[in-house]
Amino acid sequence: MQMSQLVLKTLREAPSEAKARSHQYLLRAGYIRRLSSGIYSYLPLGLRVLAKVSNIVREELDSCGSQEILLPALHPVEIWERSGRIKKMADVLMKVEAKSGDFVLGPTHEEAVIEAVYQDLSSYSDLPATVYQIQTKFRDEPRSRYGLMRTREFIMADAYSFDSDQEGMRSSYSKVYDAYNKIFAKMEIPFEPVEADSGAIGGDVNHEFMSPAEIGEDYYAKCSSCGYRANIEAATRGSKDADAQGVGSELPELLYHYTPEAPGVEKAVEAISDLGVPTKAHEMLKCLVAIDGDQRLVMLLVPGDREARVPSGMRLLEDPEFERYPYLHKGFIGPMNAKENSIYVVADLSVKERSHFATGGNKAGYHVTGAVLGRDFQVDEYRSLVVVRDGDPCPRCGSALTLIRSVEIGHTFQLGLYYSSILENARFTGPDGQQYPYYMGCYGIGVTRLIAVIAEHFLDDRGLIWPVSVSPYQVVVVPLGAARSKEIEEVAETIYSGLLKDNVEALIDDRKLSPGVSLADCDLIGVPYQVVVGSKSLKEGQVEIKVRRDGTTTKMPIEEVPTRIRELLGRSL
RNA sequence: CGGGAAGUAGCGCAGUUUGGCAGCGCGCAGCGUUCGGGACGCUGAGGCCGCGGGUUCAAAUCCCGCCUUCCCGACCA
């Protein structure tokens, strides 16, 4: 491609809306252009990167045995009503009202894919099968940001597996899981699969693929020694060895304090301390009340300085519901009366590490100090109930956990029977002639988000630096001063057309700009290899090959360029 | 949805305090000089000053309402 023909104009300054460096460069180098918040156009260079990334995904999914399809982006609202997700995903759904009815712009495609394939997967002999598509998704994100990182319209590669039993589902899952690992490895970005929470999609086992990055909006916990890795929403905390319950030192008396203006840990700490009993947040016990799957009342006990992580299957009691339980005084709840009111008490593992606590007094306006575990209150069950922090013990081996800031680039789920039990078409006929539900899996890769992640990972103060596998072009030929020198122009042309003949994806900067501008633009655009043709080297019959990533420049005779480029691109030919 | 900031040429910004010709840099077009790391001179094109209302002889500037964008938070397969 001749750069003079390319629809491209680089910008010297980034539009002020862009904050992330990758976003600034993608705008400045003419890859994308914003239409509205979180809505982007892909210009020629950007589209080529998109195609490269998509093709890597396509190749790996094809070779793990899944088949490409294309589902509609526009869904009749009925399929969302049938699955009940019209309510569950109401916050992100983009709705369309038309003369002919109400529609939803698909944010994900579980409903649509079942409608598309159930007739073809109607017998056990049709299973297993995995299909995928690479398609635009729509989500009304409350806050799109960082360019392609988080947008309202984005491209995702989403796959769906259908199996007749759980074992089959696990096998299909691991095929896609392996393919995902290969896909991200080809893009050369750092990533780790981590255990994850299943959120609104539902289901059981699932992993998120996380790429560590400064601009990440997610965290995952990683164990330094045993390989445990889990998203912060799913990570659990182990316990420390210390078992304070048996410690024989004198235990304090249970004392009530009148603290009327002090609901909540922060205010309570202050109020109790002011009354002469110095107390710190971690010495308090936060008592939350939840309802579990069986509609039982559960009290969750968490150290006062920790954020609670409500286990899946439970939900916290909402404010109006407190009226039903007169013995619960919101802001002043304590565990001392749990037993008499048949509340099941679950405490975080770390609660074992202290013998006594300050906590709510179970009377409006009162807190207590000296509530002794085992004497003043009992715990029915211990489990991890806190959002993990740096340095917490690993739930598997007890070593320290580290939190890593990262971006979610993929997510794989074993859905099991989640959708098949809701959607009546999601079933097949077994060998015995009976109807059975599919065991499903679903899998997503944020294709356009990956462009942002790769760009963010590979850049320097001059611009982008694409890995060869996703770069819009592999090589750019840069004649310096071609306007004045016929020879430079011809040599550059020869090299360029030679590269094209070798099926190298080459670009030539034939724009006849001053050398500084041309070189700066090529650095900004980030094509991995530059062949610089200039008067200095040409005097000696040589040209230079510059490796964008490390800036190294090598002079060589013109004839050697094709061989050298082939080597750099790792091709045999 | 809560808190904050900002909307002036394609991009970056000044001008708004104190109402009085709509400006600067980059980019764009033409001519010339320059030419191995974002050169220079001259000439030129390009504006609904976010939108709507109001005050005023006069509004980018003051007042009211709205919209959009960005940042922080809440939210998030």
Next item on the list: Determine whether the side chains of A:R564 and A:Y529 contain a donor N or O and an acceptor N or O closer than 3.5 Å.
Entry: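 Absent: no donor and acceptor within the cut-off.
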Indicate, with a heavy-atom threshold strictly under 4.0 Å, whether [X] touches base, sugar-phosphate, or nothing.
| X | value |
| --- | --- |
| A:R462 | base |
| A:F154 | base |
| A:D158 | nothing |
| A:P15 | sugar-phosphate |
| A:S36 | sugar-phosphate |
| A:A483 | nothing |
| A:G481 | nothing |
| A:K539 | nothing |

Taking the [atom1] atom of each, how far is [N] from [M], in whole Å?
| N | M | atom1 | value |
| --- | --- | --- | --- |
| B:G54 | B:C70 | P | 32 Å |
| B:U17 | B:C62 | P | 5 Å |
| B:A22 | B:A60 | P | 8 Å |
| B:G37 | B:G32 | P | 25 Å |
| B:C11 | B:C75 | C1' | 33 Å |
| B:C42 | B:U34 | C1' | 15 Å |
| B:A9 | B:G46 | C1' | 6 Å |

May I have the distance from [X] (atom [atom1]) to [N] (atom [atom2]), rounded to whole angstrom?
| X | N | atom1 | atom2 | result |
| --- | --- | --- | --- | --- |
| A:H23 | B:C70 | NE2 | C1' | 11 Å |
| A:E17 | B:C72 | CD | P | 15 Å |
| A:R28 | B:C26 | CZ | P | 16 Å |
| A:E141 | B:U69 | CD | P | 14 Å |

Next item on the list: May I ask you to check whether A:Y220 and A:F209 place their ring centres under 6.0 Å from each other?
Entry: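 No; A:Y220 has its ring centre 6.0 Å or more from that of A:F209.
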Check: Thinking salt bridges, do A:R82 and A:E115 make one under a 4.0 Å N-O criterion?
Finding: yes
Looking only at side-chain N and O atoms, does [X] come under 4.0 Å of OP1 or OP2 in [N]?
| X | N | result |
| --- | --- | --- |
| A:R12 | B:G27 | yes |
| A:S518 | B:G38 | no |
| A:T10 | B:G38 | no |
| A:S16 | B:C70 | no |

